[in-house]
> 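Just dropping this structure here.
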Amino acid sequence: MKKENESRHIATYTLGCKVNQYDTEAVVELFKGEGYKEVGFDEKADVYIVNTCTVTHLSDRKCRQMLRKTKKLNPDSVLIAMGCYAQSAGEQIKIDVPEVDLIVGTNKRNEMIQLIENYKKDQETYNYVGNIMDVEEFEELHISNMGEHTRAYLKIQEGCNNYCTYCIIPYVRGKIRSRKIENVMQEANRLVEAGFKEIILTGIHVASYGKDLGNTSLVEAIKAIHDLDGLERIRLSSIEPVVVTPGFLEAIQGLPKLCHHFHLSLQSGCDTVLKRMNRKYTTLEYKESVVALRNIWPDVAITTDIIVGFPGETEEEFQETVDFAKAIGFAQVHLFPYSVREGTVAAKMKDQLDAPAKDRRLKTLKEVTDRTQQAFIEQFIGTDMEVLFEKDDQGKAHGYTSNYIKVEVASECAIVNTLKKVHIESKQDDALMGKCID
């Protein structure tokens with residue numbers, strides 16, 4: 001038994017998206033406030049938290065594997081399954097992974113300390129997962145630091161109401177809930193005071209921020225933190241092309257701290273597939289949004305996600321996506337083979353494609369998007385770009401431009417966590433190489 005004056009240790013492992021990373025950091029801060037010390041995940045700890053993901057069937061498998069192996073690090077520890085997979089399969093986890101002591105989904109995370117105390121009293125595995133659709137309020141979690149990075153994620157929104165036919169996330173994250181603007185501002189202030197120069201506004205469906213509150217919007221959230229002293233950049237996580245309205249553009253073009261980088265979710269470059277996916281836009285609307293952004297910022301980076309092998313996707317439909325990706329000229333694309341998620345509409349659709357077909361299409365599209373990425377990067381050789389430097393290692397420092405291109409320079413001219421102007425001289429792989437001008 002631990003003596004009262006002995007320190008307690010917590011270790012965490014996060015699978016999945018940036019929102020999960022934020023949630024993990026926030027929970028760690030709760031534990032630190034109670035006197036816990038954070039240690040590496042391979043070290044001995046009193047509490048282990050695995051923040052799970054369920055976006056694909058491979059994610060589910062990784063979660064189970066990680067949960068099984070974690071308890072071996074310290075059999076006397078409390079092992080907690082948290083996050084999306086825990087939300088979707090809480091009772092199944094009790095059966096498949098008996099090593100787990102507590103199951104906490106995508107709510108009640110701010111009660112974690114008390115849940116552990118409850119467990120210590122009865123030593124019984126307990127599933128705290130409830131009906132996420134009943135949750136109406138944004139769960140306030142706070143962070144004031146995020147490791148050693150110069151960029152910090154600020155979660156402003158939770159949940160999604162779109163119900164794309166392939167996506168399980170609305171069922172495990174619930175309805176949209178927005179963070180109150182005053183709480184957004186308070187956390188932004190803490191992060192800037194901690195030294196962060198760039199804040200990334202994130203959430204499950206950031207574009208819907210404020211719709212449930214009725215008196216604010218994503219633009220208002222951006223404006224609320226824009227003039228903070230010490231904050232150099234604001235970046236957005238994924239939004240949809242329908243957000244890029246004339247009103248939105250008029251509002252943001254006067255905000256110099258907003259990064260010239262927009263992750264516009266696409267998923268398919270074929271209108272018939274988009275319709276089956278229950279996406280709320282057409283390829284024409286998508287292209288018009290891209291053109292509008294490029295008219296304001298010629299250097300803007302348009303990045304996206306594309307799913308290949310959606311049920312019923314014909315060769316002709318896939319080719320439309322390939323042609324559309326070429327026409328847009330994406331700066332970067334995250335490619336995914338379609339993954340069946342039980343409980344979604346698409347899981348019941350006919351003409352499910354086999355893995356070899358999806359793999360072939362993935363390879364074909366990757367060759368195309370790799371070329372568009374290289375073309376986007378190469379256009380900046382010979383120009384001057386402002387870089388926020390993040391790391392200094394083995395004689396080289398690297399950071400990112402406003403339009404999210406990695407830039408490397410000799411470390412003697414760069415200072416971590418500062419903005420420097422760099423003259424770009426060449427390209428190496430997916431990074432630009434240059435020299436600091438000043």
Side-chain angles (χ1 to χ4, degrees), residues 162 164 200-203 205-209 217-219 222 233-275 277-308 310 313 317-336 364-380 383 385 400-406 430 432:
N162 277 4
C164 300
I200 304 168
L201 298 180
T202 192
H205 192 253
V206 171
S208 65
Y209 175 80
S217 65
L218 178 58
V219 167
I222 299 168
R233 288 178 178 173
I234 301 169
R235 198 178 298 274
L236 301 179
S237 60
S238 178
I239 61 174
E240 294 183 340
V242 292
V243 175
V244 187
T245 63
F248 178 80
L249 293 170
E250 183 180 356
I252 65 173
Q253 62 185 323
L255 302 174
K257 292 182 181 179
L258 185 62
C259 287
H260 299 181
H261 170 213
F262 293 86
H263 190 88
L264 295 182
S265 182
L266 176 61
Q267 307 306 352
S268 175
C270 171
D271 286 330
T272 52
V273 175
L274 287 174
K275 188 173 182 179
M277 288 178 166
N278 195 32
R279 302 296 285 177
K280 306 299 193 297
Y281 51 84
T282 65
T283 53
L284 177 59
E285 290 171 321
Y286 190 100
K287 186 176 181 180
E288 288 173 343
S289 296
V290 172
V291 170
L293 288 167
R294 286 175 174 164
N295 283 340
I296 297 174
W297 299 296
D299 67 334
V300 69
I302 305 297
T303 59
T304 198
D305 308 300
I306 297 177
I307 296 171
V308 302
F310 188 75
E313 183 186 62
E317 288 175 326
F318 172 67
Q319 189 58 47
E320 286 186 38
T321 293
V322 172
D323 294 341
F324 190 75
K326 288 178 183 177
I328 295 296
F330 290 107
Q332 189 178 43
V333 179
H334 298 144
L335 297 172
F336 304 92
T364 298
L365 191 53
K366 186 176 187 307
E367 291 173 354
V368 170
T369 57
D370 281 350
R371 288 196 295 270
T372 63
Q373 179 179 2
Q374 295 306 312
F376 176 77
I377 294 171
E378 287 168 2
Q379 68 179 304
F380 298 101
T383 68
M385 306 186 81
Y400 288 85
T401 62
S402 170
N403 57 358
Y404 207 60
I405 301 175
K406 184 177 179 180
D430 296 332
L432 291 172

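Because the structure is predicted, anything quoted here is derived from the model rather than measured.
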> Could you list the residues that satisfy side chain to side chain donor-acceptor pair (under 3.5 Å) with T321, not counting sequence neighbours?
S268
> L335: what forms a side chain to side chain contact (heavy atoms under 4.5 Å, CB included) with it, not counting sequence neighbours?
I306, V333, L362, L365, K366, T369
> For Q319, is the CD atom crowded, meaning more than 12 foreign heavy atoms sit under 6.0 Å from it?
yes
> Closest approach of A292 and L249, non-hydrogen atoms and distance?
CB-CD1, 3.5 Å
> Does a side-chain heavy-atom distance below 4.5 Å link Y286 with I302?
yes
> For D271 and T283, test the side chains for any donor-to-acceptor distance below 3.5 angstrom and give the result as yes or no.
yes
> When rounded to the nearest 0.5 angstrom, what distance separates CZ in F318 from CG in D323?
10.0 Å
> Indicate the atoms forming the closest heavy-atom contact of L218 with A207, along with that distance.
CD2-CA, 4.4 Å
> Between T202, I222, I252, which is the residue that forms a side-chain contact (heavy atoms from CB on, under 4.5 Å) with L236?
I222
> Measuring from F380:CZ to L432:CG, what's the distance to the nearest 0.5 Å?
8.5 Å
> Which residue pairs pass the salt bridge (Lys or Arg N to Asp or Glu O under 4.0 Å) test when at least one of the two sits in residues 278-304, sequence neighbours left out?
E240-R279
> Got a sec, which residues hit side chain to side chain donor-acceptor pair (under 3.5 Å) with T364, two or more places apart in sequence or on another chain?
none
> Taking it one step at a time, do Y404 and R235 satisfy side chain to side chain contact (heavy atoms under 4.5 Å, CB included)?
CA-CA 10 Å; Y404 207 60; R235 198 178 298 274; 3.6 Å; yes
> Roughly how far apart are M277 CE and I307 CD1, rounded to 0.5 Å?
4.5 Å
> How long is the straight-line distance from CG of L266 back to CG of D305, given to the nearest 0.5 Å?
8.5 Å
> Stepwise, does the side chain to side chain contact (heavy atoms under 4.5 Å, CB included) test hold for I328 with T304?
CA-CA 11 Å; I328 295 296; T304 198; over 6 Å; no
> Would you call the rings of H334 and F336 parallel, tilted or perpendicular if under 30° counts as parallel and over 60° as perpendicular?
perpendicular
> Rounded to the nearest 0.5 Å, what separation is found between the CG atom of N162 and the OG atom of S208?
7.5 Å
> Just jot down the side chain to side chain contact (heavy atoms under 4.5 Å, CB included) partners of Q374, sequence neighbours excluded, or say none.
E378, K427, D430
> Quick one: which of F262, F376, W297 gives a side-chain contact (heavy atoms from CB on, under 4.5 Å) with N403?
F376
> Tell me, please, which residues at least two apart from T303 pass side chain to side chain contact (heavy atoms under 4.5 Å, CB included).
H261, H263, A331, Q332
> Just verifying a value: how many Å separate I234 CD1 and S402 OG, rounded to the nearest 0.5 Å?
11.0 Å
> If I compare all heavy atoms of Y281 with all of S265, which pair ends up nearest, and what's the gap?
OH-O, 3.1 Å
